[in-house]
Amino acid sequence: GAVVSQHPSWVICKSGTSVKIECRSLDFQATTMFWYRQFPKQSLMLMATSNEGSKATYEQGVEKDKFLINHASLTLSTLTVTSAHPEDSSFYICSASGLAGIGDTQYFGPGTRLTVL
Amino acid sequence: GENVEQHPSTLSVQEGDSAVIKCTYSDSASNYFPWYKQELGKRPQLIIDIRSNVGEKKDQRIAVTLNKTAKHFSLHITETQPEDSAVYFCAPMDTGRRALTFGSGTRLQVQP
């Protein structure tokens, strides 16, 4: 149980385009989803926290107009990188935590590797 | 915000030896202390966690110890195997805020 999927697993795009990444909890309802970014050989940095049906809370230094997060249902959150630039190239990972029985444990998706040319 | 320090940054051991990784945190409100293992290009996997009302937890070869007074917790791996080679992250959490703050990671290499 507690499986989280992400799509796509990798994407290459041209500078200036927008990219949407989906995060789904497959077998549980995720009241909260988290988006992280990880540069090569570095740690995971929390970008934002999203609760179903409400606006995401962004960490300091993360541009909310550039990284649009939508959490429209208890099983789906999306991250859209708008007007992507090469410096946005990174490994984006979501995690989800849910209701009773899972509690505070966060389960991670497999990640999406974004390369902006 | 939470300030997390993890040591050492790299650790090389011989197969069968023990490995210990230490994590120090600053936020006294933190009350959930997980350790994650991440292999190259893959997702972090929860390997063990402990809550603040417990001092030690063990799961086969893996154990975590917590010292809330000193604000540190440690990961202990005994009888290491080559497949234990990975990057390990501590990530203390304030369950009220529900956000993990990851340490900088420890690259563990187990030499056969």
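Order of the sequence lines sets the chain letters (A, B, ...), proteins ahead of strands, with each chain counted from 1.
More than 12 heavy-atom neighbours from other residues, nucleotides or ligands sit within 6.0 angstrom of CD on B:Glu15. In the displayed structure, B:Lys22 atom NZ is contacted under 6.0 Å by at most 12 heavy atoms of other residues, nucleotides or ligands. For CD of A:Glu87, the number of neighbouring non-hydrogen atoms (other residues, nucleotides, ligands) closer than 6.0 Å is greater than 12. Annotation: B:Arg107, atom CZ; neighbour count of heavy atoms from other residues, nucleotides and ligands within 6.0 Å does not exceed 12. Atom CD of B:Gln111 has more than 12 neighbouring heavy atoms from other residues, nucleotides or ligands inside a 6.0 Å radius. By the neighbour-count criterion of 12 heavy atoms within 6.0 Å, atom CG of A:Leu117 is densely surrounded, having more than that number from other residues, nucleotides or ligands.
Residues of residues 35-48 of chain A that come within less than 4.5 angstrom of chain B, heavy atom to heavy atom, are A:Tyr36, A:Gln38, A:Lys41, A:Gln42, A:Ser43, A:Leu44, A:Leu46 in numerical order.
For a residue to count as touching a neighbouring chain, one of its non-hydrogen atoms must lie under 4.5 Å from one of that chain's; by this rule A:Phe108 touches chain B with backbone and side chain alike. B:Pro44 touches chain A through backbone and side chain together, each having a heavy atom under 4.5 Å away. Both the backbone and the side chain of B:Leu100 have a heavy atom closer than 4.5 Å to some heavy atom of chain A.
A single hydrophobic cluster is seen to contain both B:Ile62 and B:Ile50, as judged by linkage of ILVMFWY side chains at heavy-atom distances under 4.5 Å, directly or through other members. With hydrophobic clusters built from ILVMFWY side chains whose heavy atoms lie under 4.5 angstrom apart, A:Leu79 shares a cluster with A:Val11. B:Leu75 and B:Leu11 fall within a single hydrophobic cluster, where Ile, Leu, Val, Met, Phe, Trp and Tyr side chains are chained together by heavy-atom contacts under 4.5 Å. When hydrophobic clusters are built by joining Ile, Leu, Val, Met, Phe, Trp and Tyr residues whose side-chain heavy atoms come closer than 4.5 Å, directly or via intermediates, B:Val64 is grouped together with B:Ile47.
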Derivation of the side-chain contact (heavy atoms from CB on, under 4.5 Å) call for B:Tyr36 and A:Gln106: CA-CA 11 Å; B:Tyr36 287 87; A:Gln106 288 189 24; 4.0 Å; yes
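Comparing A:Pro110, A:Gly111, A:Ser95 by how many heavy-atom pairs each has under 4.5 Å with chain B, the most go to A:Pro110.
In this structure, the side chain of B:Arg43 engages the main chain of A:Val4 through a donor-acceptor pair within 3.5 Å.
When side chains are defined from C-beta on, B:Lys42 does not count as touching A:Phe91, because their heavy atoms never get closer than 4.5 Å. With contacts defined as side-chain heavy-atom distances shorter than 4.5 Å, the pair B:Gln38/A:Ile93 qualifies.
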